[in-house]
S.K.: 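Before I ask anything, here is the structure I am working with.
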Amino acid sequence: MALGKTYQWIKLAEEDTQLVQDRKVLSFSVPGKDFCMTRVGEQYFAFARKCPHAGADMTEASLDPLGKIVCPLHRYKFDPKNGRNTSGEGYFLITYPVEHRSDGLYIGIPESSEKKF
């Protein structure tokens, strides 16, 4: 998580629910945001639905043997922990924090920095 960012935390599921099959990518929507999720072991990762390079639909992405997210269009690879492009092209995939809490699984959606009057 970036310092200084505030998040709106949205509950996605009860704790005992396996929301996503291991190493599969699914799309989700919450008010105002479409995103993808994957699970590697017991850890969930949430990321943008569009690739930062050419806008490919990341719901068609896969995970390589090292757990990197692979774009379906040009095969660029991204670290699910921080969105860093690991295949050398220099792009960053937007990622969202996911938290396991006692009452369920939550995603953090960054709150707008715009002032509301």
Side-chain angles (χ1 to χ4, degrees):
M1 259 185 291
L3 293 176
K5 273 193 177 180
T6 56
Y7 295 91
Q8 175 187 7
W9 290 94
I10 300 170
K11 187 175 184 177
L12 297 173
E14 299 299 321
E15 181 65 31
D16 59 348
T17 301
Q18 292 294 330
L19 190 61
V20 180
Q21 292 180 8
D22 194 37
R23 305 179 71 80
K24 301 292 181 190
V25 175
L26 291 178
S27 65
F28 289 86
S29 292
V30 296
K33 186 68 62 184
D34 294 327
F35 62 95
C36 292
M37 283 191 77
T38 190
R39 181 171 60 87
V40 178
E42 295 301 314
Q43 191 167 9
Y44 285 92
F45 300 99
F47 52 95
R49 191 162 172 197
K50 298 289 180 192
C51 178
H53 169 244
D57 185 353
M58 296 301 279
T59 62
E60 300 296 321
S62 59
L63 272 71
D64 74 5
L66 298 175
K68 305 302 183 214
I69 301 163
V70 182
C71 174
L73 187 59
H74 293 111
R75 313 292 297 162
Y76 290 4
K77 295 181 181 184
F78 301 92
D79 187 327
K81 295 176 185 171
N82 58 23
R84 183 178 303 272
N85 175 233
T86 62
S87 49
E89 294 80 17
Y91 295 97
F92 279 86
L93 180 66
I94 296 170
T95 59
Y96 304 99
V98 178
E99 287 187 0
H100 288 267
R101 297 181 183 174
S102 61
D103 66 335
L105 186 69
Y106 288 78
I107 183 172
I109 303 298
E111 291 184 344
S112 173
S113 59
E114 296 175 10
K115 294 188 185 251
K116 296 177 182 167
F117 297 97

S.K.: Is there a path of hydrophobic side-chain contacts, each under 4.5 Å between heavy atoms, that joins Leu26 and Ile69?
M.R.: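 No, Leu26 and Ile69 fall in different hydrophobic clusters.
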S.K.: Could you tell me how the ring of Tyr76 sits relative to the ring of Tyr91: parallel (under 30°), tilted (30 to 60°) or perpendicular (over 60°)?
M.R.: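 Answer is parallel, since the angle falls under 30°.
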S.K.: Determine whether a donor-acceptor pair (N or O, by modelled atom type, separation under 3.5 Å) exists between the side chain of Arg39 and the backbone of Gly41.
M.R.: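 Present.
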S.K.: Is it true that Asp79 and Lys68 have a side-chain N and a carboxylate O under 4.0 angstrom from each other?
M.R.: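 Yes, charged N to carboxylate O under 4.0 Å.
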S.K.: Indicate, with yes or no, if the rings of His100 and Tyr106 have centres closer together than 6.0 Å.
M.R.: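 Between His100 and Tyr106, the centre distance exceeds or equals 6.0 Å.
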S.K.: Under 4.5 Å between side-chain heavy atoms, hopping through other hydrophobics if needed: is there a path connecting Ile10 to Val20?
M.R.: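 Cluster IDs for Ile10 and Val20 match.
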S.K.: Is Val40 reachable from Tyr44 through a run of I, L, V, M, F, W or Y residues, each pair having side-chain heavy atoms under 4.5 Å apart?
M.R.: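 No, Tyr44 does not connect to Val40 through the hydrophobic network.
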S.K.: About how many Å separate CD of Glu14 and CG of Asp103, when rounded to the nearest 0.5 Å?
M.R.: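 One gets 7.0 Å once the value is rounded to the nearest 0.5 Å.
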S.K.: Does a sphere of radius 6.0 Å around CD1 in Ile94 hold more than 12 heavy atoms from other residues, nucleotides or ligands, not counting ones at 6.0 Å or beyond?
M.R.: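 No, CD1 of Ile94 has 12 or fewer neighbouring heavy atoms, counting only those of other groups under 6.0 Å.
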S.K.: Determine whether a donor-acceptor pair (N or O, by modelled atom type, separation under 3.5 Å) exists between the side chain of Asp34 and the backbone of Ser27.
M.R.: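 Checking the backbone N and O of Ser27 against the side chain of Asp34, no donor-acceptor pair under 3.5 Å is found.
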S.K.: Does any donor atom in the side chain of Asp64 or Ser62 lie under 3.5 Å from an acceptor atom in the other side chain?
M.R.: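 The criterion, which ignores hydrogens and geometry beyond distance, is not satisfied for Ser62 and Asp64.
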S.K.: Against the six-membered ring of Phe35, is Arg49 placed for a cation-pi contact (under 6.0 Å from the centre, within 45° of the normal)?
M.R.: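 Because its charged atom misses either the 6.0 Å distance or the 45° angle limit, Arg49 does not stack over Phe35.
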